[in-house]
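The next block holds one structure in the form of structure tokens; read it before the comments.
The structure displayed is predicted, hence computed values, not measured ones. Worth knowing before you read on, the calculation uses all heavy atoms, side chains too, and leaves out hydrogens, waters and symmetry mates.
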Amino acid sequence: MRMTHLGEESAEYARAREELRQAEIELMRHRERVAEQRRGLPQGPVVDDYVFEEGPADLQAGDTPATSVRLSELFTGPGRDLVVYHFMYGKRQTEACPMCTMWIDGFNGVARHVTQNADFVIVAAAELPTLRDYGRSRQWTNLRLLSAGAGTFKYDLGSEDAEGNQDSTVSVFTRDDAGSVRHFYSAHPRMSDDIDQRGIDLLSPVWNILDLTTRGRGEWFAALDY
């Protein structure tokens, strides 16, 4: 199958491109198998109904009044999953993570599309005014920004250690028929001892676009620009 109508393609290039196309097809099919396997996970454990702190829905309206919201209250309707991105900011992480920042910039752009099918929030350990002030600097006006600094949510879900060091993670929760919140799935950048920073790459188009180029990603943080 020819993907272009360009002339001057050598036979060597055409063969190599066809081999790559077949590899890309198999990769796509494998991703579909993995996604199906993920969807087929058995029911996860019931989790605590964690409490977060949230400010006004309008990010530009200041930081008060601050209200408490429970994990179960983040579901906006029956049959919906809740996706939580754990932002590396707060406690020992006194500066916002630049990679998380890049990703959340992207989430802000697609949030209204994601929330057609699932609820989506950003959770950080940073104090609420600090988190919202940073959100204003990034114009994250389409996202719910929650502070979990006073609770154990991030520690329990593996995005914070006992010393308060932060890490990025994505977690998905469901509600069962009794209304209890259950943990469905979490993923972390570190997949194994030899895979340190690739576990949730599919959340960001930036790295995947760069993977199409001759140089690839280059330095991990090279593309981050504040």
Side-chain angles (χ1 to χ4, degrees), residues 30-54 69-76 79-93 96-97 99-104 106-108 110-111 114-115 117-126 131 143-176 178-208 220:
H30 185 68
R31 283 199 304 265
E32 289 297 313
R33 291 192 293 269
V34 170
E36 184 177 5
Q37 183 177 354
R38 184 185 301 114
R39 291 190 296 269
L41 285 170
Q43 190 175 62
V46 172
V47 297
D48 291 342
D49 202 4
Y50 298 96
V51 178
F52 307 94
E53 192 176 18
E54 185 175 24
V69 57
R70 291 190 172 275
L71 184 65
S72 60
E73 295 172 327
L74 299 176
F75 294 84
T76 63
R80 290 172 66 87
D81 292 348
L82 170 67
V83 182
V84 178
Y85 182 76
H86 301 241
F87 182 17
M88 291 176 63
Y89 192 23
K91 297 187 179 178
R92 296 290 294 274
Q93 187 92 20
C97 168
M99 184 167 61
C100 287
T101 296
M102 179 188 71
W103 288 12
I104 300 172
F107 299 156
N108 185 69
V110 300
V114 173
T115 54
N117 293 322
D119 295 309
F120 183 72
V121 301
I122 307 296
V123 171
L131 173 61
L143 298 169
R144 295 185 70 174
L145 306 177
L146 308 175
S147 172
T152 63
F153 174 79
K154 293 188 91 270
Y155 177 80
D156 292 348
L157 272 295
S159 66
E160 179 181 297
D161 67 17
E163 287 72 45
N165 296 297
Q166 304 297 302
D167 217 333
S168 54
T169 298
V170 60
S171 296
V172 181
F173 300 91
T174 61
R175 273 194 310 188
D176 62 25
S180 298
V181 179
R182 292 180 176 271
H183 176 250
F184 172 68
Y185 174 79
S186 283
H188 189 280
R190 295 178 182 84
M191 302 181 73
S192 66
D193 290 341
D194 63 331
I195 302 176
D196 184 47
Q197 290 289 347
R198 301 292 291 267
I200 53 178
D201 278 14
L202 291 178
L203 296 181
S204 171
V206 173
W207 305 130
N208 297 284
W220 185 250

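- Contacts of Phe52 classified as ring pair (Phe, Tyr, Trp, His ring centres under 6.0 Å), with partners at least two apart in sequence or in another chain: Phe153.
- Scanning both residues, Thr169 and Gly158, for their nearest heavy atoms gives OG1-O, 4.1 Å.
- In this structure, the side chains of Leu157 and His183 come closer than 4.5 Å at one or more pairs of heavy atoms.
- With contacts defined as side-chain heavy-atom distances shorter than 4.5 Å, the pair Val83/Val121 does not qualify.
- Contact annotation: the side chain of Val172 never approaches that of Leu82 to less than 4.5 Å [non-hydrogen atoms, C-beta and beyond].
- Ring pair Phe107/Tyr85: centre-to-centre distance below 6.0 Å.
- In this structure, Thr101 contributes its side chain and Cys97 its backbone to a donor-acceptor pair below 3.5 Å.
- Side-chain contact between Gln93 and Phe87: absent, with no pair of heavy atoms (C-beta onward) separated by less than 4.5 Å.
- Not counting sequence neighbours, the partners of Asp49 by the side chain to side chain donor-acceptor pair (under 3.5 Å) test are Ser72.
- Of all heavy-atom pairs spanning Leu202 and Arg31, the tightest one is CD1-CD, 4.3 Å.
- By the 4.5 Å heavy-atom criterion applied to side chains, Gln43 and Asp176 are counted as neighbours.
- Between Arg80 and Thr76 the shortest heavy-atom distance is NE-OG1, 3.1 Å.
- A salt bridge is absent between Arg92 and Glu163; no separation between the charged side-chain nitrogens and carboxylate oxygens falls under 4.0 Å.
- Proximity of a side-chain donor or acceptor of Arg182 to a complementary backbone N or O of Arg175 within less than 3.5 Å is not detected.
- Inspection of the Asp167 and His188 side chains reveals an N or O donor paired with an N or O acceptor under 3.5 Å.
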Exercise. List the steps, then state whether side chain to side chain contact (heavy atoms under 4.5 Å, CB included) holds for Met88 with Ser168.
Key: CA-CA 6 Å; Met88 291 176 63; Ser168 54; 4.0 Å; yes
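- Side-chain contact between Leu146 and Val69: present, with at least one pair of heavy atoms (C-beta onward) separated by less than 4.5 Å.
- Remark: side-chain polar atoms of Asp119 are not paired, donor with acceptor, to backbone N or O of Thr115 under 3.5 angstrom.
- Between Tyr185 and Arg39, every side-chain heavy-atom pair lies at or beyond the 4.5 Å cut-off.
- Inspection of the Gln166 and Lys154 side chains reveals an N or O donor paired with an N or O acceptor under 3.5 Å.
- In this structure, Arg144 fails the cation-pi test against Phe120, since its NZ or CZ atom is not both closer than 6.0 Å to the six-membered ring centre and inside 45 degrees of the ring normal.
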Exercise. Before giving the answer on side chain to side chain contact (heavy atoms under 4.5 Å, CB included), spell out for Asp81 and Phe173 the whole-Å C-alpha distance, their side-chain angles and the decisive distance to 0.1 Å.
Key: CA-CA 6 Å; Asp81 292 348; Phe173 300 91; over 6 Å; no
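- For Asp48 (side chain) and Tyr50 (main-chain N/O), no donor-acceptor pair under 3.5 Å exists by modelled atom type.
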